[in-house]
Amino acid sequence: WQHIYDLTNVEHLKDTALWRSEKTRIGRLELNLWYAAAGTHCGIHNTHNFLEIHTQIYGIGRMQKFQTNDYKSLYREVYMSPGYTHEPFYSIQGKYPWHQYYADTDCIWLAIEQHQE
């Protein structure tokens, strides 16, 4: 598994306890697993070049939505327990609100990415 900083080179993620497995591609879908340690904010963002949903595998976490790129602007939390898949966060145009995953406990979740190509 690779650390998030090694994947993105985003400076504010350098000390984030977040790792991703290699991706497996099946047609237009890419599947990968993520691990975050308890108490980890996994990085607020609002862009993807794919459509994505997550399924919780292990632990308890939350998908969070924000008005802006600021923790204080939190307006929705979707609690994730093992086996739960959240509804899509993207609009019909493929636009995302500011969002992140937060790990309440040590967590593993599956990211399912749908690519256009």
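Position 1 is the first residue of the sequence, and the numbers go up from there.
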Does atom NZ of Lys95 have more than 12 heavy-atom neighbours from other groups under 6.0 Å away? no
Between Phe89 and Gln64, what is the shortest heavy-atom contact and its length? CE2-O, 4.1 Å
Rounded to the nearest 0.5 Å, the CG atom of Leu51 sits from the OG atom of Ser91 at a distance of 9.0 Å
CZ (Arg62) and NE2 (His41) are apart, to the nearest 0.5 Å, by 8.0 Å
Minimal non-hydrogen separation, Gln100 against His45, with atom names: CA-CE1, 4.5 Å
Output for pair (Ser81 OG, Asp104 CG), nearest 0.5 Å, gives 11.0 Å
Hey, quick one: are Tyr79 and Leu74 part of the same hydrophobic cluster, counting side-chain heavy atoms closer than 4.5 Å, chains of contacts allowed? no
Are Tyr96 and Val10 linked, directly or through other ILVMFWY residues, by side chains that come within less than 4.5 angstrom of each other? yes
Please confirm whether Lys14 makes a cation-pi placement over Tyr5, using NZ or CZ under 6.0 Å from the six-membered ring centre and within 45° of the ring normal. yes
More than 12 heavy atoms from other groups under 6.0 Å of CG on Asp70: yes
NE2-OH distance between His99 and Tyr75, expressed to the nearest 0.5 angstrom: 10.5 Å
Are Leu31 and Trp34 linked, directly or through intermediate hydrophobic residues, by side-chain heavy-atom contacts shorter than 4.5 Å (ILVMFWY only)? no
Roughly how far, to the nearest 0.5 Å, is CH2 of Trp109 from OH of Tyr35? 10.0 Å
Restricting to non-hydrogen atoms, name the atom on Gln2 and the atom on Leu7 that form the minimum distance, rounded to 0.1 Å. OE1-CD2, 3.1 Å
Over all heavy atoms of both residues, which pair between Ala36 and Leu18 is shortest? Give the atoms and the distance, please. CB-CD1, 4.0 Å
Heavy-atom closest contact (Gln56 atom, Gly61 atom, distance): NE2-N, 4.0 Å
Cluster check Met80, Ile112: I/L/V/M/F/W/Y, side chain < 4.5 angstrom: no
So for atom OH, which belongs to Tyr71, do other residues, nucleotides or ligands contribute more than 12 heavy atoms lying within a distance under 6.0 Å? yes
Closest approach of Leu13 and Gly43, non-hydrogen atoms and distance? CD2-CA, 4.1 Å
Do Glu87 and Met63 have side chains that approach each other closer than 4.5 Å (heavy atoms only, starting at C-beta)? no
Under a 4.5 Å cut-off applied to non-hydrogen side-chain atoms, are Lys23 and Glu113 in contact? yes
Do Trp19 and Leu110 belong to the same hydrophobic cluster, where Ile, Leu, Val, Met, Phe, Trp and Tyr are linked whenever their side-chain heavy atoms lie under 4.5 Å apart, directly or via other members? yes
Using the side-chain hydrogen bond (donor to acceptor under 3.5 Å, both in side chains) criterion, which residues pair with Thr85? Sequence neighbours excluded. Thr55
Any ion pair linking Glu30 and Arg20 (charged N to carboxylate O, less than 4.0 Å)? no
Would you indicate whether the side-chain heavy atoms of Phe66 and Asn46 approach each other to under 4.5 Å? no
Start with the C-alpha gap between His54 and Tyr101, add the side-chain angles, then the distance that decides, and say whether ring-ring contact (aromatic ring centres under 6.0 Å, His included) holds. CA-CA 10 Å; His54 305 92; Tyr101 183 90; 7.0 Å; no
Spatial distance of atom CD1 (Ile60) from atom CG (Asp106) [nearest 0.5 Å]: 12.0 Å
Gly59 backbone acceptor or donor facing Thr105 side chain under 3.5 Å: no
